[in-house]
Amino acid sequence: MHDLIIIGAGPAGITASVYAARKGLKTMVISKDIGGQAALSGDVENYTGYQFISGPELADKFEEHMRRFNIEVKEPEAVLDVVKSSGGLIEIKTDKDTYKARAVIIATGARWRQLNVAGEKEYKNKGLTYCATCDGPLFSGKDVAIIGGGNSAMDAALQLINIAAKIYIINIAPKLTGDEIMIKKVESSDKVAVFNESAVTKITGDTFVRAIKIKHPGGEKTLQVSGVFVEIGLIPNSEIVNNAEKNSRGEIKLGNDNQTSIEGIFAAGDVSDVAEKQIIVAAGEGSKAALGVFKYLARQK
Amino acid sequence: MAHNVTVYSTPSCPYCIKVKEFLKQNGIEFQNIDVSQDHAQAEEMVRKSGQMGVPVIDIDGKIIIGFDKGKIKQALDI
């Protein structure tokens, strides 16, 4: 029997595991991967203490920190369902086994939101990708489009400026909404053309992507591109806890100490309704949740 | 029997790093091709796998897309 099972091993889950281990809680981590979205980020320049570190490197540091402690890590293992059983314990069903714990932290993060336009499924990995860090280098010297106008889109643009020939940014909002420092860098590149108040309506090609159709204030337009990078935000991976209260975006609502609406089930990071989705915020939330669990378990004794 | 293993990867892709670590842990020798540097080989990878995502692993001519532990183990008989 574990005091605490943490689901997810991104910045939130790993930080929670470190705090829980240091508090002497018998802790297990179950996750489908290590590092979460942090491992898929490009350059990270806003994690205090590191003026510059790549996402995969930061994720390695997180993992190293977790492995220093005697924490049982089940990876890769997918959690299917989390329910509170009648005895007050929490039951976690996975694709391999069933576990019980006195408390749980849901730190399952979020996944890429899809465009839901014609051609998206067909051309996935055939020019269309959700991971600029992974697949960006394959578009050397080619024309590409980035869909989105927030920080992820700016991150993708900054990576692609060094690789691609021409970069179209298709942004649904009236202006780019990422960090000012990133926007300035992106806009100052003569490789970049920004289409604001614009939406993608279709992705076309043969075996691979050849073009996208967009709708913009001036009408419709076809852009010849061989790469499409979809960076339009995230959907929380909150489906595994059916009964917890969620907001309209599907994010798990948190009360004091990061507890959800179900006693003993806590959450942290991008899966929750925390205001900002940042690596450092997720890490901080993970620590809060672990300390919340520690207090909760102390009250139970 | 020694297998002929090639990994097509980019330096920044986390699943590429994981594939390579996995092969090393299992004592499998492999040739790593950085497709961000070698464009001819990048084209070759796209041709072989019919898609543009990395990593792509070629084990004795069998093409595996992504870090699919199950398929890799099967192809290597481990």
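In what follows, chains are A, B, ... by sequence order, proteins preceding strands, each numbered from 1.
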Non-hydrogen atoms of Ile34(A) and Ala39(A) that approach each other most closely: O-CB, 4.2 Å
Lys96(A) NZ: over 12 foreign heavy atoms closer than 6.0 Å: yes
Partners passing ring pair (Phe, Tyr, Trp, His ring centres under 6.0 Å) against Tyr15(B) (at least two apart in sequence or in another chain): none
More than 12 heavy atoms from other groups under 6.0 Å of NZ on Lys18(B): yes
Positions in residues 129-158 of chain A that reach chain B, provided some heavy atom is under 4.5 Å away: Thr133(A), Cys134(A), Asp135(A), Pro137(A), Leu138(A), Phe139(A), Ser140(A), Lys142(A)
Neighbourhood of chain A inside residues 63-78 of chain B, taking heavy atoms under 4.5 Å as contact: Lys69(B)
Pairing of Asp58(B) and Lys62(B) as salt bridge, 4.0 angstrom limit: no
Residues Tyr168(A), Ile214(A); criterion side chain to side chain contact (heavy atoms under 4.5 Å, CB included); working and verdict: CA-CA 11 Å; Tyr168(A) 301 103; Ile214(A) 67 165; over 6 Å; no
Check against side chain to side chain contact (heavy atoms under 4.5 Å, CB included), Ile170(A) and Leu223(A): CA-CA 11 Å; Ile170(A) 317 302; Leu223(A) 301 170; 3.8 Å; yes
Spacing of CD1 belonging to Ile14(A) relative to NZ belonging to Lys61(A), to within rounding of 0.5 Å: 13.5 Å
Atom NZ of Lys124(A): over 12 foreign heavy atoms under 6.0 Å: no
Heavy-atom pair of closest approach, residues Leu80(A) and Ile240(A): O-CG2, 3.7 Å
Member of Gln37(A), Gln278(A), Arg111(A) meeting the side-chain hydrogen bond (donor to acceptor under 3.5 Å, both in side chains) criterion with Asp270(A): Gln37(A)
Lys32(A), NZ: over 12 other non-hydrogen atoms inside 6.0 angstrom: no
Any residue of residues 22-40 of chain B which, by heavy atoms, sits under 4.5 Å from chain A: Val35(B), Ser36(B), His39(B)
Mutual orientation of the aromatic rings belonging to Tyr50(A) and Tyr47(A) [parallel < 30°, tilted 30-60°, perpendicular > 60°]: tilted
